[in-house]
Amino acid sequence: MPLMPARVKYRKMHRGSRAGMASRGATVAFGEYGLQSLERCWLDTKVIEAARVAITRYMKRRGKVWLRVFPDKSFTKKPLETRMGKGKGPLESWVAVIRPANVLFEVDGVTEAVARESMRLAATKLPMRTKFISRHKVG
């Protein structure tokens, strides 16, 4: 079951703005280590799930994982080889709007080496550059 809102007031949304830095969700709040975005993008629900699976597989069910982003924005797509006009296309998928400095995942209850490697595996699934951050030390 992909991540998506249970209910929304309107199915089809405007594209919105991705400008600026993340004002909230830019620090490690729950766990000890986190994965922070360095670029802006739309993270698809399938991509978030693939990264989460990569983290939990490497940690072998030890520790705890937090997902700090949620795909609450729908985006639409018109079928291939369709002429312009005739309204907005059908719903394609759900995405999370990611700005630079957003913390995407957090982990706790594992060593830094395990956390670093699990985050590296998750980062390979993501369409943007990321960095590994820790709650206590800067960097």
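Since we're looking at a predicted model, the values are computed, not measured. All values below come from the heavy atoms of this structure, side chains included, with hydrogens, waters and symmetry mates left out.
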Might you confirm whether atom CZ of R57 has over 12 heavy atoms from other residues, nucleotides or ligands at distances under 6.0 Å? no
Is it possible for you to say whether F70 and L104 belong to one hydrophobic cluster, with membership spreading through side-chain heavy-atom contacts below 4.5 Å? yes
Quick check: are there more than 12 heavy atoms from other residues, nucleotides or ligands sitting under 6.0 Å from NZ of K78? yes
Over 12 foreign heavy atoms within 6.0 Å of NZ, K12: yes
Side chain to side chain contact (heavy atoms under 4.5 Å, CB included), that's the test. Do M128 and L38 meet it? Break it down for me. CA-CA 7 Å; M128 74 248 184; L38 298 175; over 6 Å; no
Nearest 0.5 Å please: distance from the NZ atom of K46 over to the NZ atom of K125. 15.0 Å
Going from OG1 on T82 to NZ on K86, what distance comes out if it is rounded to the nearest 0.5 angstrom? 10.5 Å
With the 4.5 Å side-chain cut-off for hydrophobic clustering, are L3 and I98 part of the same group? yes
Do you know the tightest heavy-atom contact between S17 and R99? O-NH2, 2.8 Å
Would a distance-only check, ignoring hydrogens and angles, find a side-chain to backbone donor-acceptor pair under 3.5 Å from R129 to S37? no
Give the minimum heavy-atom separation between A101 and A22, together with the two atoms involved. C-CB, 4.1 Å
Residue pair V69 / V103: nearest heavy atoms and the distance that separates them: CG1-O, 4.1 Å
State whether a side-chain donor-acceptor pair under 3.5 Å links D44 with S93. yes
Examine distances only and state if a side-chain atom of R18 and a backbone atom of R40 form a donor-acceptor pair shorter than 3.5 Å. no
Salt bridge between R120 and E117, side-chain N to carboxylate O under 4.0 Å? yes
Closest approach of F30 to E106 (non-hydrogen atoms, all atoms of both residues): N-OE1, 2.7 Å
Can you tell me how far the CZ atom of R11 sits from the OG atom of S74, to the nearest 0.5 Å? 8.5 Å
Taking the side chain as every heavy atom from C-beta outward, state whether M59 and V107 have any pair of such atoms under 4.5 Å apart. yes
Mind checking whether L126 and L67 sit in one hydrophobic cluster, side chains of I, L, V, M, F, W, Y counted as touching below 4.5 Å? yes
To the nearest 0.5 Å, what is the distance between CE (M119) and CZ (F132)? 6.5 Å
Determine whether W94 and V8 satisfy the following criterion, side chain to side chain contact (heavy atoms under 4.5 Å, CB included), listing intermediate values before the conclusion. CA-CA 12 Å; W94 293 88; V8 288; 3.8 Å; yes
Is K88 atom NZ crowded by more than 12 heavy atoms from other residues, nucleotides or ligands, each under 6.0 Å away? yes
Heavy-atom closest pair, residues A122 and A51: CB-O, 3.7 Å
Indicate if W66 and L35 have the same hydrophobic cluster label, given that clusters are the connected sets of ILVMFWY residues with side-chain heavy-atom separations under 4.5 angstrom. no
What's the verdict on side chain to side chain contact (heavy atoms under 4.5 Å, CB included) for V28 and Y33, showing C-alpha distance, side-chain angles and the deciding distance? CA-CA 7 Å; V28 178; Y33 307 104; over 6 Å; no
If I compare all heavy atoms of D72 with all of M13, which pair ends up nearest, and what's the gap? O-CE, 3.4 Å
As a quick check of understanding, evaluate side chain to side chain contact (heavy atoms under 4.5 Å, CB included) for V114 and Y58, giving each step before the final call. CA-CA 8 Å; V114 170; Y58 188 79; 4.0 Å; yes
Please assess R52 against E49 for the test salt bridge (charged side-chain N to carboxylate O under 4.0 Å, His left out), listing each intermediate value before the final yes or no. CA-CA 5 Å; R52 185 196 65 79; E49 180 60 16; 2.6 Å; yes
Looking at R15, is its backbone amide N or carbonyl O close enough to the side chain of K73 to form a donor-acceptor pair, meaning the two atoms are under 3.5 Å apart? yes
Rounded to the nearest 0.5 angstrom, the CD-CG distance for E32 and D108 is 5.5 Å
